[in-house]
2 protein chains.
Amino acid sequence: MSSSRATLIQVAERAGVSLASTSRALHGTGASPAMVERVRAAAAELGYSPDATGRSLRMKRTFQVAFAVADIGNPVYVEMLTAIHEVLAPHGYRVVVMSTGQTVASTVDLVRSLGSGFVDGLVVSPLRTDDTLVEAIRQAPVPVVVIGRPLDGIDSVSTDSAAGIGLAVAHLLEIGRRRLGFVNGPLDTTPGAARQRGFDAATADPAFAGEHAETERADDFTVTAGLEAGRRLLARGGLDAVVAANDLLAIGVIRAAGELGLTVPGDLAVTGMDDTEIGKVFRPGLTSVSLGSAERGRLAALLVLDRVGDGAEPVQQAAVGPHLVVRESTAVASKEKSAR
Amino acid sequence: MSSSRATLIQVAERAGVSLASTSRALHGTGASPAMVERVRAAAAELGYSPDATGRSLRMKRTFQVAFAVADIGNPVYVEMLTAIHEVLAPHGYRVVVMSTGQTVASTVDLVRSLGSGFVDGLVVSPLRTDDTLVEAIRQAPVPVVVIGRPLDGIDSVSTDSAAGIGLAVAHLLEIGRRRLGFVNGPLDTTPGAARQRGFDAATADPAFAGEHAETERADDFTVTAGLEAGRRLLARGGLDAVVAANDLLAIGVIRAAGELGLTVPGDLAVTGMDDTEIGKVFRPGLTSVSLGSAERGRLAALLVLDRVGDGAEPVQQAAVGPHLVVRESTAVASKEKSAR
DNA sequence: ATGAAAGCGCTAACAA
DNA sequence: TTGTTAGCGCTTTCAT
C-alpha cells in the first residue's frame with residue numbers, strides 16, 4: 001500500500017496542458033497526435049490510473065452490475081455467476097454479489113437499495129415472489145433482469161421447469177417405470193411451485209393413466225433434506241422410480257435408497273434436475289434435466305448489458321428450454337459395476 | 001425503472017434547512033431532535049436514498065472489497081466467497097468478484113487495476129506467485145490480503161497443505177496401506193508445489209521407511225484430469241492407496257479405479273483434500289483433508305476489515321491448521337454395501 | 001484542436 | 001446547534 005495516487009490534474013500539469021485536453025487525450029477523442037503523445041507520457045511517468053469514483057459520479061455510471069441470489073453456495077447459482085462474469089468483464093463491468101435473503105421482504109429491500117446507485121443494473125433470481133417485489137422491481141432506478149418466472153413488464157430469462165419435470169416423467173415411463181414418487185422442495189418457492197405443477201400435469205396426462213404417483217416434500221433443496229424426504233417416501237414402498245426436484249435432492253434420495261437396500265437404477269430409477277457437476281461425477285451418474293443455468297446467466301448478462309447501454313426497447317423475455325441428460329441412474333439394463 | 005432519484009439538496013430544500021444540517025441529521029451526528037425529525041420526514045416524502053458514488057468520492061471509501069481467484073466455479077473458492085460475504089455484508093461492505101486469470105501476469109494486472117480505486121481492499125488467492133506479483137501487492141494502493149502461501153511483508157491467511165498431505169499419508173499407514181500413489185496437480189502452482197513437498201517429506205520420513213511411493217501428475221485440479229492421471233498411475237499396478245491433491249482429483253482416481261475393477265476402499269484406499277461438499281455426498285464418502293476454506297475466507301475478510309478501518313498494524317499472518325476427515329474411502333474393514 | 005469552467009452528490013472544516 | 005462553502009476526480013459543454 002503506497003502513497004496516494006496521481007490525479008488527472010497532476011497529469012495535466014506535468015504535460016503542461018489543460019485538464020480538458022488531458023482527459024480527451026487519454027480517451028483518444030478529438031486530440032492531436034502530439035497532444036496524445038505528450039499526455040500519455042506524463043500519465044505513464046506518474047503511474048496515473050483514472051479514478052473510478054470520480055468518473056462514476058460524473059458519468060452517472062458505475063460500470064458495475066449486481067448479481068443477487070438467496071444462496072451463492074448453490075452450484076446452479078455459481079454457474080450463473082460464472083457465466084455472468086464471463087459476459088460482463090470483457091465489457092469493463094464488475095460484478096457485485098449480493099444476497100436476496102430467504103424472504104420476499106429482504107429481496108424487496110435489496111431491490112430498493114439499488115436507489116443508492118452503486119450498480120448500473122441487477123440480475124436477480126428470487127426464490128420467492130409477490131406483488132410487492134414485482135412493484136419494487138418495476139420502480140427500480142436501474143434495469144433489473146429476473147432469472148426465473150417471467151413477470152409482467154419485467155425483463156426476464158426463464159426456463160420451463162414444469163416441462164422439465166415432464167421430460168423426466170416421460171423418460172421414466174419410456175424405460176418401463178410405472179410407480180413414481182416425486183421429491184420436491186418447499187412449495188412456497190417459485191421453483192418448488194413450478195416443479196409440482198409439472199409433476200401433477202405429467203402424471204395427470206393420459207399417457208400416464210392408471211399408474212401410481214405420489215409426492216413427498218423436502219424442507220429444502222439440499223442433500224440432507226432429500227435424504228430425509230427419501231426415507232419417508234421409500235419407507236412406504238411400492239415405487240420403481242423417483243423424480244427429484246433438483247440434483248441435490250436426487251442424491252439424498254439415492255442415499256435413502258441405499259439405506260433401504262434398494263439399488264439404483266436396478267430397483268429404483270432416480271432423476272434430478274439442473275444437471276450440475278455434482279450429478280455428473282456421482283455414482284451412479286445422475287440422469288438430470290438441464291435447465292441451462294450457464295446459458296440463462298449468459299442471456300441475463302447480455303440483457304442487462306443492452307439495458308445499461310441505452311435500452312428503451314420493449315420488455316425482453318428470453319427463455320431457455322429444458323433438456324434431459326440421461327446417465328446411469330435411469331439405465332434400462334442395470335449392469336452393476338461394483339460386483340467383483 | 002423510474003425517474004431520477006432525489007438528492008440531498010432536494011431534501012434540504014424540502015425540509016427548509018441547509019445542506020449540511022440535512023447531512024448531519026441523516027447521520028445522527030450533532031443535530032437536534034427537531035432537525036432530525038424534520039429532515040427524516042422530508043427524506044421519506046421524497047423517497048431519498050443517499051448516492052453511493054457521491055459519498056465515495058467525498059469520503060474516499062467505496063465500501064467495496066474485491067475477492068479474486070482464478071476460477072470462481074471451484075467449490076473451495078465458492079466456500080471462501082460465501083464466508084467473505086457473510087463477514088463483510090453486515091459491515092456494509094459489498095463484495096466484487098474478479099478473476100486473477102491463470103497467469104501471474106494477469107494477476108499482477110488485477111492488482112494494479114486497484115489503482116482505479118473501485119474497492120477499499122482485496123482478498124486474493126493466487127494460483128501462481130512470483131516476485132513481480134509480490135512487488136505489485138506491496139505497492140498496491142489498497143490493503144491486500146492473500147489467501148495462500150505467506151509472503152514477506154504481506155497480510156495472509158495460510159494453511160499447511162504440505163502437513164495436510166502428511167496427515168493423509170499417516171492415516172493410510174495407520175490403516176495398513178504400504179504402497180502409496182500420489183496424484184498431484186500442476187507443480188508450477190503454489191498448491192501443487194506445496195502438496196508435492198508434503199508428499200515427498202511424508203514418504204521420506206523414517207516411519208515410512210522402505211515402503212513404496214510414486215507420483216503421477218494431472219494437468220489440472222479437475223475430475224477429468226484426475227481420471228486420466230489415475231488411469232496412468234493405476235495401470236502400473238501394485239498400489240494399495242492413493243493420495244490425491246484435492247477432492248476432484250480423488251474422485252477422478254476413484255473412477256479410474258472402477259474402470260480397472262478395483263474396489264474402493266477394498267483394493268485401494270483413496271484420500272482427497274479440501275473436504276468439499278462433493279466429497280461428502282460422493283459414494284464412497286471421501287476421506288479428505290480439510291483446509292478450512294470457509295474459515296480462511298472468514299479470517300481474510302476480518303483482516304481486510306481491520307485494514308480498511310485504520311490499519312497501521314504490523315503485517316498479519318494468520319494460519320488455519322489442516323485436519324483429516326475420515327470417511328468410507330479409507331475404511332479399515334471394507335464392508336461392501338452394494339451387495340445384494 | 002485546445003482551454004476555461006461548471007458540476008455530478010456528498011461530507012467536513014470552518015464560521016456564526 | 002446550524003449554515004456557508006470548499007472540494008473529492010472526473011467529463012463535457014461552451015467558447016476560443
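By convention in this document, chain letters (A, B, ...) are assigned in the order of the sequence lines, proteins followed by strands, and residues within each chain are numbered from 1. Values below: every heavy atom of this structure, side chains too, minus hydrogens, waters and symmetry copies.
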*Let me know the distance between CD of A:E13 and C1' of D:dC10, rounded to the nearest Å.*
15 Å
_Nearest-angstrom distance from the residue atom CD1 of B:I9 to P of D:dT5_ = 13 Å
_Among D:dT13, D:dT4, D:dT1, the one nearest A:R24 by side-chain distance_ = D:dT13
*For A:S32 and A:L19, take the nucleotide of DNA chain C holding the closest heavy atom to each; which residue's nucleotide lies nearer the 5' end?*
A:S32
*Would A:R61 and A:Y93 count as having a side-chain donor-acceptor pair, cut-off 3.5 Å?*
yes
*asked:* Just by distance, no angles: are the side chains of B:S56 and B:T53 close enough, under 3.5 Å, to form a donor-acceptor pair?
replied: no
_If you define the side chain from C-beta out and look only at heavy atoms, does anything of A:V97 sit under 4.5 Å from B:L81?_
yes
*Which value, rounded to the nearest 0.5 Å, describes the distance between A:R94 atom CZ and A:D120 atom CG?*
9.5 Å
*With a non-hydrogen cut-off below 4.0 angstrom, is A:S23 in contact with a base, only sugar-phosphate, or nothing?*
base
*asked:* Could you work out, with side-chain hydrogen bond (donor to acceptor under 3.5 Å, both in side chains) as the rule, every residue matching A:Q316, not counting sequence neighbours?
replied: A:E313
*Indicate the ring-plane relationship of B:F67 and B:Y77, choosing parallel, tilted or perpendicular according to the 30° and 60° boundaries.*
perpendicular
*Between the axis at one end of the helix from C:dA1-D:dT16 to C:dA16-D:dT1 and the axis at the other (five pairs apiece), what's the angle to 10 degrees?*
40°
*Contact check, side chains of A:L122 and A:V145, non-hydrogen atoms, under 4.5 Å*: no
*Provide the start and end nucleotides, 5' to 3', of the part of DNA chain C that has atoms under 4.0 Å from heavy atoms of chain A.*
C:dA1 to C:dG9
_Using the side-chain heavy atoms of B:R58, tell me which of these nucleotides is nearest: D:dC10, D:dA6, D:dG9._
D:dA6
*Of A:G54 and B:A31, whose closest DNA chain D nucleotide lies nearer the 5' terminus?*
B:A31
*What is the distance, rounded to the nearest whole Å, between atom CG of B:L57 and atom C1' of D:dG7?*
9 Å
*For the pair made of CZ in A:R5 and P in D:dC10, what is the distance, rounded to whole Å?*
8 Å
*When you check the gap from the basic side-chain N to the acidic O, do A:R14 and A:E45 get nearer than 4.0 Å?*
yes
*Using the side chain to side chain donor-acceptor pair (under 3.5 Å) rule, pick out the option among B:D188, B:T103, B:T107, B:T189 that qualifies with B:R128.*
B:D188
